[in-house]
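Reviewing the structure listed below.
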Amino acid sequence: MIEARHLRVLRAVASTGSFSAAGRELGCTQPAVSQQMKALESSVGTPLLVRTGREMRLTQAGEALVRHAAGIIAGLTAAEEEVAAIAGLRAGRVRLVSFPSGSSTLVPTALAALRAAHPGTRVFLEEAEPPNSVELLREGDCDVALAFRYEGAAGAEEWDELVVRPLLTDRLVALVPEGHRLARTEGSVAIGELARESWIAGCPRCRGQLVEVCEGAGFSPRIDFATDDYPAVVGLVGAGLGVAVLPQLAVESVRPRGVRTVALEPAVRREIVALTLPDLAQVPAVAATLDELARAGARQPAAR
């Protein structure tokens with residue numbers, strides 16, 4: 001009989017590489033970790049770990065068990081939560097991971113409504129960008145992940161076998177200084193009109209969508225300032241140091257002083273969703289969180 005607590009210990013040993021580090025992560029002693037690993041190996045009837053120097057290496061059987069552990073633990077959590085709800089225990093715990101602009105717009109509205117409706121439900125928030133947030137969900141380290149992907153972008157298979165709850169469609173907009181020649185433009189402008197501008201953009205990984213759109217319009221943006229901090233982007237644009245392109249939701253997450261937003265053509269949109277595992281979608285606290293996130297998404301100006 002494999003016990004869930006033993007699987008959690010195995011995952012901790014696999015991720016940290018030692019009994020002592022796993023004990024620190026789990027809040028228990030090194031001997032306790034060793035005892036639980038011995039019990040698990042006795043249950044499955046084969047070694048799961050091999051000591052190599054000061055670290056522990058998984059055997060083939062250990063690798064197989066770790067690979068299945070996230071789904072097993074998620075299934076057990078779903079069962080425990082559902083049984084508790086049926087028994088009348090109005091409490092729950094949800095581990096939510098969100099990207100920064102979602103944390104400052106969608107999440108506060110959703111969690112305030114959730115707390116008002118279900119005061120016994122506790123939500124723990126961490127931040128991570130996709131695809132890291134999706135990986136955290138698949139590994140069993142969160143219950144709900146806010147994520148996004150751009151229309152037409154590759155990688156749709158990353159969400160395979162997950163429950164996908166659409167929240168809103170977010171459009172990219174240009175940010176220009178108030179005194180810019182395009183600041184008073186009504187309607188949209190072609191991104192090629194910004195080809196000769198100095199640009200503020202994110203890190204090389206984060207600016208990939210911008211570079212792709214610009215190259216599709218026949219130019220490569222001259223990026224003079226690189227930052228992933230949205231208030232910094234707005235501040236640089238407001239000071240007249242360049243232009244930028246941000247998702248509308250990101251603009252709404254800051255106070256855009258000294259800048260104007262301009263709609264772009266061709267339109268570039270990203271789909272914002274909440275993701276969870278199929279078993280976890282049946283947990284009342286997780287389902288309620290998904291519902292409130294969907295309502296919060298529908299109220300966002302970016303969704304209109």
Side-chain angles (χ1 to χ4, degrees), residues 98-107 127-133 146-155 167-273 297 300-304:
S98 172
F99 53 92
S101 59
S103 299
S104 58
T105 53
L106 298 170
V107 171
E127 285 192 344
E129 295 272 3
N132 292 340
S133 56
L146 262 63
F148 60 83
R149 64 185 172 198
Y150 287 93
E151 292 180 344
L167 302 183
L168 73 151
T169 300
D170 192 18
R171 180 170 175 166
L172 295 188
V173 295
L175 268 65
V176 299
E178 284 186 339
H180 193 273
R181 58 187 172 83
L182 299 176
R184 307 295 173 182
T185 301
E186 294 185 5
S188 58
V189 301
I191 195 169
E193 295 191 42
L194 301 170
R196 298 183 180 275
E197 301 283 348
S198 172
W199 284 80
I200 298 106
C203 68
R205 183 181 67 82
C206 298
R207 74 175 69 138
Q209 183 68 23
L210 167 67
V211 172
E212 183 177 322
V213 172
C214 292
E215 290 178 346
F219 73 97
S220 295
R222 192 187 80 227
I223 299 170
D224 292 339
F225 304 95
T227 175
D228 293 324
D229 183 74
Y230 294 142
V233 172
V234 171
L236 290 165
V237 174
L241 296 173
V243 300
V245 168
L246 291 178
Q248 182 66 43
L249 195 67
V251 177
E252 291 162 10
S253 71
V254 298
R255 295 181 179 180
R257 297 174 180 173
V259 305
R260 294 291 180 121
T261 60
V262 181
L264 290 174
E265 290 295 341
V268 180
R269 300 178 179 87
R270 63 176 185 170
E271 180 188 9
I272 297 177
V273 302
Q300 284 295 320
R304 300 167 191 164

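By convention here, the first residue in the shown sequence is residue 1.
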Reported CZ-to-CD distance for the pair F219 and E193, which is rounded to 0.5 angstrom: 10.5 Å

Heavy-atom side-chain contact between V251 and V259 under 4.5 Å: no

Residues at least two apart in sequence or cross-chain that pass salt bridge (charged side-chain N to carboxylate O under 4.0 Å, His left out) with E178, listed by chain then number, are none

For A244 and V233 the tightest heavy-atom approach is CB-CG1, 3.6 Å

Hey, are the side chains of I200 and L175 touching, using non-hydrogen atoms and a 4.5 Å cut-off? no

Shortest non-hydrogen contact from V237 toward P177: O-CG, 3.2 Å

Can you name the closest pair of heavy atoms from P247 and Y150 and give their distance? CG-OH, 4.2 Å

Any side-chain heavy-atom pair of W199 and V243 under 4.5 Å: yes

F148 and R269, any side-chain heavy atoms less than 4.5 Å apart: no

Quick one: salt bridge (charged side-chain N to carboxylate O under 4.0 Å, His left out) pairs with a partner in residues 222-233, sequence neighbours left out? R222-D224

All heavy atoms of C214 vs all of P221, minimum pair found to be CB-CD, 3.6 Å

Mind checking what makes salt bridge (charged side-chain N to carboxylate O under 4.0 Å, His left out) contact with E271, not counting sequence neighbours? R149

For a 4.5 angstrom cut-off between non-hydrogen side-chain atoms, does L249 reach R270? yes

Under the salt bridge (charged side-chain N to carboxylate O under 4.0 Å, His left out) rule, what pairs show up with a residue in residues 207-216, not counting sequence neighbours? none

Would you check if L146 and L167 make a side-chain contact, meaning some heavy-atom pair closer than 4.5 Å? yes

Main-chain N/O of Q248 paired with D170 side-chain donor or acceptor, under 3.5 Å: yes

With rounding to the nearest 0.5 Å, note down the distance linking OG1 in T261 to CD in E252. 9.5 Å

For S253, the side chain to side chain donor-acceptor pair (under 3.5 Å) test, sequence neighbours excluded, returns none

Please enumerate all residues that pass ring-ring contact (aromatic ring centres under 6.0 Å, His included) together with Y230, with sequence neighbours excluded. none

Taking only residues two or more places apart in sequence, or in another chain, which ones meet E127 in a side chain to side chain donor-acceptor pair (under 3.5 Å)? S103

Among residues at least two apart in sequence or on other chains, which ones pass salt bridge (charged side-chain N to carboxylate O under 4.0 Å, His left out) with R260? none

For V213, give me all partners under side chain to side chain contact (heavy atoms under 4.5 Å, CB included), at least two apart in sequence or on another chain. I191, Q209, V268

With sequence neighbours excluded, tell me which residues meet side chain to side chain donor-acceptor pair (under 3.5 Å) with T105. none

Residues which pass side chain to side chain contact (heavy atoms under 4.5 Å, CB included) with A239, listed by chain and number, not counting sequence neighbours: L241

Tell me every residue that passes side chain to side chain donor-acceptor pair (under 3.5 Å) with R181, counting only those two or more places apart in sequence or in another chain. E197

Full working for side chain to side chain contact (heavy atoms under 4.5 Å, CB included) between L172 and L246: CA-CA 5 Å; L172 295 188; L246 291 178; over 6 Å; no

